[in-house]
Amino acid sequence: MKKRNKNRGQAPLGGLAPERGQAKRDYAAIDKKYVWHPFTQMADWEKEEILVIERAEGCYLIDTEGRRYLDGVSSLWCNVHGHRVPEIDRAIKDQLKKVAHSTFLGLSNVPAIELARELVSIAPKGLTRVFYSDSGSEAVEIALKMAYQYWQQKGEKRRQKFARLTNAYHGDTIGAVSVGGIPLFHDLYRPLLFETIEIPSADIQKMEPVFKKHGSEIAALVMEPLIQGAAGMITQPPGTLTKVRALTRSYQILLIFDEVATGFGRTGKMFAADHEKVSPDLMAVAKGLTGGYLPLAATLSTEKIYQGFLGDYSELKTFFHGHTYTANPLACRAALANLKLFREKKILEKLKPKIDDLKTGLLRFRDLPHVGDIRQIGLMAGIELVRDRRAMEPYPLKEKTGIRVIQEARRRGVILRPLGNVIVLMPPLAISRAQLRELIHCTYDSIQAVTGGRKG
Ligand SMILES: *Cc1c(COP(=O)(O)O)cnc(C)c1O
């Protein structure tokens, strides 16, 4: 009798019905038998002790053993208000009572219409049309296809190429990888990718000669505004966006901002473009769009680009692109609730002290002998670990220094995910100042424990 009560409410696991405490081991074993994880060397995974998340509360994730962990990277850069947010939970439940999904191909739905209007109202000026998809990679692919097709239909048939920045990251599907430039992720696939024009940095001095030479063949320049995330949080100097906008305009090159990581308050303003009041021609958003709840993305375009696709059906100017779950009503409801919280809780207005706390907290990391460059914009930071600071000599990849640091952090109750030897801090915008201190201290202690602490 007692035993039955104890097991009540636990997820049945095939025939394995785990005891409390045993649950984790069983889930882990089944995971290792059946699952293939993204960006994960599964040979290592199969040997490691893995963590299985069961539930969450605010900024904490809780595993099957009931252990709590601070979500230090916003569940891969997407969480905004924390987990189990009553307003977003309720919005999804209410929508569930109406309809979970219907197609957006040839039909519309209420939440998607409302969300499109909202997005246009907060987006950089001039972006007036919303095209939905399901992930950041897709939102970028769609922007690329729109830019290409736009010029083809406009009669500028030579504009077939894309300019991209070295070290860019725009997602993992083939088109998005084509405009990416992170050797570790992308080199192997090079033969499958379309040709692009690489620009070494967002520096206008580097960009102008390329445009001078190839300008009339370039359909668009795609870039992550303000900060290249996956590259290791590489920041751009102030004024860059303004200059890039002016230069692309003068060469009639469309400008695509990939705001998948930077959007929805991450950099301290709603969008990175807002820091310089710059409007791109196309903008991709995803990660924070639903507050980190459901997969939803959008590509925003100007009216001019949109108009370029209008015509008689037989002209075939239609944008032939769409996914089964495009504009999913549950996801759109979550996004609407997310944006409402931004307004009601004055999220952007309240970010400043947290951003300053993070900046101050990061200063102390300079005491650690193996910390190199530290970069931050808003609540987005990267701490570079180096073997030798003076020579800026990196740790060899095979030492897995970044991974060892995040394993140490996990033992101390914080979830992180490194980018090679760059430790990323990207907490939910809703993190409290006390929790932010916890995150910073724990990260400091973990780096110290792994790389050594005394001044070198
Ligand atoms: C994460 C990310 C993407 C890809 O988004 P997914 O939803 O993972 O496909 C694209 N661009 C940038 C800048 C990102 O950070």
Side-chain angles (χ1 to χ4, degrees), residues 37-40 73-80 131-145 147 162 164-182 184-186 189 193 196 202 220-236 240-241 244 255-267 271-273 275 280 282-300 321 323 325-328 331 334-335 338 375 377-382 417-420 422 424-429:
H37 286 263
F39 279 95
T40 302
V73 287
S74 299
S75 293
L76 219 80
W77 314 4
C78 63
N79 190 282
V80 178
F131 192 99
Y132 290 110
S133 57
D134 315 326
S135 72
S137 308
E138 285 165 66
V140 169
E141 298 254 346
I142 286 162
L144 298 175
K145 284 176 75 177
F162 290 93
R164 62 167 176 99
L165 301 184
T166 301
N167 291 323
Y169 177 79
H170 297 293
D172 296 330
T173 51
I174 293 293
V177 171
S178 293
V179 290
I182 298 182
L184 180 67
F185 305 162
H186 300 157
Y189 299 106
L193 309 178
T196 54
L221 164 71
V222 53
M223 66 183 280
E224 297 153 88
L226 230 50
I227 179 166
Q228 289 184 315
M233 307 295 150
I234 312 287
T235 55
Q236 296 151 12
T240 299
L241 302 183
V244 168
L255 179 58
I256 302 172
F257 277 172
D258 176 353
E259 292 248 14
V260 172
T262 50
F264 305 101
R266 186 46 69 186
T267 65
F271 298 103
H275 286 264
L282 292 157
M283 181 170 97
V285 295
K287 288 191 170 97
L289 174 55
T290 61
Y293 262 65
L294 289 164
L296 181 70
T299 307
L300 278 74
H321 187 115
H323 301 279
Y325 286 99
T326 291
N328 175 262
N338 169 38
R375 299 176 287 267
I377 287 185
L379 283 187
M380 223 174 156
R417 168 113 190 145
L419 291 161
V422 176
V424 174
L425 297 185
M426 187 127 32
L429 304 189

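Atoms within each ligand, like the ligands themselves, are counted from 1 in listed order.
- Rounding to the nearest 0.5 angstrom, the gap separating the OG1 atom in Thr235 from the CE atom in Met380 is 10.5 Å.
- Heavy atoms of His170 found under 4.0 angstrom from ligand 1 belong exclusively to the backbone.
- When each atom of ligand 1 is checked for a heavy atom of Gly136 under 4.0 Å away, the hits are 4 (C), 5 (O), 6 (P), 7 (O), 9 (O).
- The protein heavy-atom contact nearest to atom 1 (C) of ligand 1 is Lys287 NZ, 1.5 Å.
- Every N/O-N/O distance between Gly171 and ligand 1 stays at or above 3.5 Å.
- Atom CG of residue Leu425 and atom OG of residue Ser74 lie 10.5 Å apart, to the nearest 0.5 angstrom.
- A heavy-atom separation below 4.0 Å is not found between Val140 and ligand 1.
- Protein heavy atoms are absent from the 4.0 Å sphere centred on atom 8 (O) of ligand 1.
- Of the heavy atoms in Trp77, only side-chain atoms (C-beta onward) come closer than 4.0 Å to ligand 1.
- Expressed to the nearest 0.5 Å, how far CD of Gln236 lies from CG of Leu165 amounts to 7.0 Å.
- Both the backbone and the side chain of Ser137 come within 4.0 Å of ligand 1, judged by heavy-atom distances.
- Between the side chain of Arg375 and the backbone N or O of Gly232 there is at least one donor-acceptor pair closer than 3.5 Å.
- When each atom of ligand 1 is checked for a heavy atom of Asp258 under 4.0 Å away, the hits are 10 (C), 11 (N), 12 (C), 13 (C).
- Numbered from 1 in the order shown, with element, the atoms of ligand 1 that lie under 4.0 Å from a heavy atom of Ala261 read 15 (O).
- No hydrogens or angles considered: nothing links the side chains of His323 and Asp134 as a donor-acceptor pair under 3.5 Å.
- Annotation: the span from His170 atom NE2 to Ile182 atom CD1 amounts to 9.0 Å, rounded to 0.5 Å.
- With a 4.0 Å heavy-atom cut-off, ligand 1 is reached by no atom of Glu138.
- The contact set between ligand 1 and Ser135, taken as ligand atoms under 4.0 Å from a residue heavy atom, comprises 7 (O), 9 (O).
- Rounded to the nearest 0.5 Å, atoms CG (Leu296) and OH (Tyr132) are 7.0 Å apart.
- With contacts defined as side-chain heavy-atom distances shorter than 4.5 Å, the pair Ile256/Met283 does not qualify.
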